[in-house]
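Labels below follow one simple rule: chain letters A, B, ... track the order of the sequence lines, proteins then strands, and each chain is numbered from 1. These numbers were taken from a predicted model, which means no experiment stands behind them.
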Amino acid sequence: MKIDIILAGVGGQGILSIAAIIGTAAVKKGLYLKQAEVHGMSQRGGDVQSHFRLADYEIASDLIPRGKADLIISVEPLESLRYLPWLAPDGWLITNSEPFININNYPKKEDIESEIKKIPNHIMINADEIAKELGMERAANMVILGAASPFIAIEFDALLDAIRETFASKGEDVVNLNIACIKAGREFALKNKINN
Amino acid sequence: MSKLLLLGDEAIAQAALDAGLSGIYAYPGTPSTEIMEYIQRSKQAAEGNVHRIWSTNEKTALETAIGMSYAGKRSIVCMKHVGLNVAADPFMNLSITGTNGGLVILIADDPSMHSSQNEQDSRFFAKFAMIPCFEPSNQQEAYDMTYKAFDFSEKHRVPVMLRVTTRLAHSRAGVTRKEVRSQNEISLHPNPKQFILLPGNARVFYKEALAKQPKLNEESENSSFNQYFDGKDKSLGIIASGIALNYVKENFVNKEIPYPILKITQYPLPVKKIEKLFNDCEKILVVEEGYPIIEEQLKGLLDKSGKIKGRLDGTLPRDGELNPNIVAKALDMPIKEGPAVPSLVVPRPPALCKGCPHIDSYLALNEVMESYGKGRVFSDIGCYTLGALPPYHAIYSTVDMGASITMAKGAAIAGLVPAVAVIGDSTFTHSGMTSLLDAVYSKTPITVLILDNDTTGMTGGQDSHAFGRLASICKGLGVEEEHIRQLKPLRNFHEENVKVIREEVEYQGVSVIILERECIQTLSRRMRKLKTKTK
């Protein structure tokens, strides 16, 4: 078993929290894991990505080879397209549909969406809206993790436990809101995945 | 013992603590910063009273570590590759004195320049100083080698360089720990003259350092870190150093690697092992992350046989970080890429944060400099370097820590007046103070803007040694008091700030303008903490 994931977004959008939660759950399962992160200059509003690898055997490279990623999980639509050369032929693209616009030449939203729709296996979800409705705008990344959860070979309960552990210090309310967000994302994915 | 999920940097930090560390000395620099941060957070370090406070720069950090080694205790000093340039003086001389307590010098190189101005390979520095260098290939080895490095340093009385690159420093994997050892007691070197590098002594110690070389070679030859894996297909032999080994292995997942491989992670080079591979195989592919230091030594000046492949003959790119695909290509293996990146995907460069004080500083400075034309603002290393990008286009240089002030001085002397320097508070205390003293002494008319955000921002908000004392430092260095101006970079004060900057730019002497407002990142972090506390 192996799952290779490219996590994508803009510096400050919380892709490392997604990684930390999958990582916590994976380590408890005794899986091998490698996760390459971006620190430093790019974190200031630039494009950031993380290579996240899980396997039941020892993983060699910290970086995923091109064409081998089972999943691209992106918290921003334009960023979801930046790493397509890494996507495996049967891989899934899971992305937020809500743009983060901090550049003047940001492409048209419709054009980005039509490029995303060209990928046979994709889920596009307005995570910002869902998180806002649930009362925690900053947890859009958890909605995205929820939408990706059916494709990660880790039991959903284990991910919920990892959320509880990660956010425990921030209080019961924060834990519950994050759990509501991941559940909403998962529900959306399970409903919309069949249509593709 | 269960595995810990650690960044390469964190594995090094944990190993140093477990090996009986008494002090860590460092200046923040990507990708090395997380080592100190881990130790600062560590309960184990607090209980052991491990000294763990940031130093002003890499040179002071290394000198403090040498002092600790002198006193017989174990210390680690951590910096990014270009930091070693700053610390090169103590580094090279330390190779002559040798060590007493174990001393490990961690250097984090940044091939592909993710967050750096060059991609220099620190293994050259280790060779230059003739000290051993460990180059771990993964997180577990980063732990094991750090742990071993302290013993190795004490056994041979040499400093040990630990060289990692960005990819290992900033990648997580499971790591198993070893037993925790207690710290050393104070003990002095048996030779009381060992750290007195008067020429007469230094000549003796240099000969001793040379005499140690065969022992270090022997250690490399016998080291389990330098492993020879045999393969059936002798048409090619692979030398892979550090994490480059992983990229070779990645291309043979669930398959046997047909070629013999020599893994090199401990230097000086294991010559006999290399010779065996060379004699056994028809061609040799050298895969190394960084400069082709092994390949160059193998080839020498005169080899035209074409037997040795690598970064020098174009089999691998001459510059930049490696990855599994680049190595696949060198091995003539197919790559199946996913869909191409659509043409609408534009770059998203890093930018100053919304609400960043530097934005207001640059808007005011740009208004003043407009009448003088382009090319008169020299800058430095930090978040404010992003002022070079649109929409600001405010600065025209960023070379090395502190260079803004001295470059402005040189340009002003050449006749480019006015010349302005823009430097951050932390960079100023790192390397700008001596530059300012130079300008004061030579009475060169320059204006220095210190963008004081009360922190070391680019690396994530570490304490700044300048905090609360910038004006008094500048006064102490001899800047006239009436030309040390203090401003608040806020939109509301724009007109006033423009006026003051203009006055000082027009002044025919050394002036300093301190624009102080807290970094928006550290401020919002502080506010969030307060909020959770009051809840």
Side-chain angles (χ1 to χ4, degrees), chain A residues 2 10-12 19-20 23-24 26-27 30-47 51 55 57 59-69 72 78-79 81-89 91 102-108 111-112 115 118-119 169-171, chain B residues 2-5 7-8 30-31 33-34 110 114-116 138-139 166-174 243 245-254 323-325 328 335-342 344-354 356 383 385-386 390-391 458-460 532 535:
Chain A
K2 73 104 189 166
V10 179
T24 306
V27 166
L31 292 172
Y32 288 95
L33 182 160
K34 279 207 169 185
Q35 184 208 335
E37 304 173 358
V38 173
H39 296 208
M41 196 175 237
S42 318
Q43 283 178 302
R44 302 276 165 268
D47 55 88
H51 288 225
Y57 53 85
I59 302 160
S61 164
D62 298 270
L63 295 173
I64 301 167
R66 290 178 172 227
K68 293 278 171 71
I72 292 177
L78 178 64
E79 295 311 317
L81 298 170
R82 202 180 293 281
Y83 308 100
L84 286 182
W86 273 267
L87 193 62
N102 65 345
I103 44 174
N104 292 330
N105 54 344
Y106 194 92
K108 277 193 213 146
D111 294 348
I112 294 175
E115 289 294 345
K118 284 183 195 163
I119 304 304
S169 63
K170 297 189 175 167
Chain B
S2 73
K3 280 187 179 180
L4 290 175
L5 184 57
L7 291 175
T30 313
T33 314
E34 293 78 5
D110 189 19
H114 298 280
S115 258
S116 305
N138 59 39
Q139 291 79 353
T166 310
R167 217 40 84 175
L168 178 56
H170 287 168
S171 178
R172 277 174 216 281
I243 64 165
L245 176 74
N246 307 339
Y247 301 139
V248 174
K249 281 187 178 172
E250 183 66 33
N251 285 295
F252 299 95
V253 177
N254 304 325
N323 63 41
N325 297 111
I335 301 162
K336 285 181 202 142
E337 288 214 14
V341 181
L344 62 81
V345 178
V346 286
R348 193 190 304 253
L352 293 173
C353 308
K354 213 172 150 189
C356 171
C383 285
T385 312
L386 297 170
M458 180 60 91
T459 44
T532 27
K535 255 186 187 171

* To do: Give the member of A:P107, A:S169, A:A69 that has the highest number of heavy-atom pairs under 4.5 Å with chain B.
  => A:P107
* To do: Please name the pair of heavy atoms, one in B:R348 and one in A:N102, separated by the smallest distance, quoted to 0.1 Å.
  => NH1-OD1, 2.9 Å
* Find out whether A:W86 and B:E337 are in side-chain contact, i.e. whether some heavy atom of one side chain is under 4.5 Å from a heavy atom of the other. => no
* Asked: Based on non-hydrogen pairs under 4.5 Å, which of A:V27, A:D111, A:L81 is most in contact with chain B?
  -> A:L81
* **Any side-chain heavy-atom pair of A:Q35 and B:L5 under 4.5 Å** => no
* To do: Using non-hydrogen atoms and a 4.5 Å limit, figure out which bit of B:K336 sits close to chain A: side chain, backbone, both or neither.
  => backbone
* **Between A:A88, A:G171, A:P65, the one whose heavy-atom pairs under 4.5 Å with chain B are most numerous** => A:P65
* Asked: What do you reckon, is CG of A:N105 surrounded by more than 12 foreign heavy atoms closer than 6.0 Å?
  -> yes
* Structure fact -> Nearest heavy-atom approach of A:L78 to B:V345 is CD1-CA, 3.9 Å
* Structure fact -> Rounded to the nearest 0.5 Å, the OG1 atom of B:T166 sits from the CD atom of A:E37 at a distance of 13.0 Å
* Asked: Using a cut-off of under 4.5 Å for heavy-atom pairs, which of A:R82, A:K108, A:E79, A:K170 has the most such pairs with chain B?
  -> A:R82
* Structure fact -> Max heavy-atom pairs within cutoff under 4.5 Å with chain A, candidates B:E34, B:R167, B:Q139, B:K249, goes to B:R167
* Going by heavy atoms in the side chains, are B:V341 and A:P85 under 4.5 Å from each other? -> yes
* Out of curiosity, B:R172 CZ to A:K34 NZ, how far, rounded to the nearest 0.5 Å? -> 14.0 Å
* To do: Drop me the distance from B:L344's CG to A:E115's CD, to the nearest 0.5 angstrom.
  => 5.0 Å
* Closest non-hydrogen atom pair between A:D62 and B:S171, with its separation -> OD1-OG, 2.6 Å
* Region of B:V253 that comes under 4.5 Å of a non-hydrogen atom in chain A -> side chain
* Check each atom of B:L7 against the heavy atoms of chain A and say whether the ones under 4.5 Å are side chain, backbone, both or neither. => side chain
* Asked: Is chain B contacted by the side chain of A:P89, its backbone, both, or neither, given a heavy-atom distance below 4.5 Å?
  -> neither
* **Over all atoms of both residues, closest heavy-atom pair of B:P342 and A:L84** => CD-CD1, 3.8 Å
* **Partner chain A: residue of B:P324, B:P339, B:P349 with the largest heavy-atom pair count (under 4.5 Å)** => B:P339
* **Counterpart residues, side-chain hydrogen bond (donor to acceptor under 3.5 Å, both in side chains), relative to B:N246 (two or more places apart)** => none
* **Closest approach of A:I103 to B:P347 (non-hydrogen atoms, all atoms of both residues)** => CD1-O, 3.8 Å
* To do: Using a 4.5 Å cut-off on heavy atoms from C-beta on, say whether the side chain of A:L63 contacts that of B:Y247.
  => yes
* Structure fact -> Taken to the nearest 0.5 Å, the spacing of A:S61 OG from B:N138 CG works out to 11.5 Å
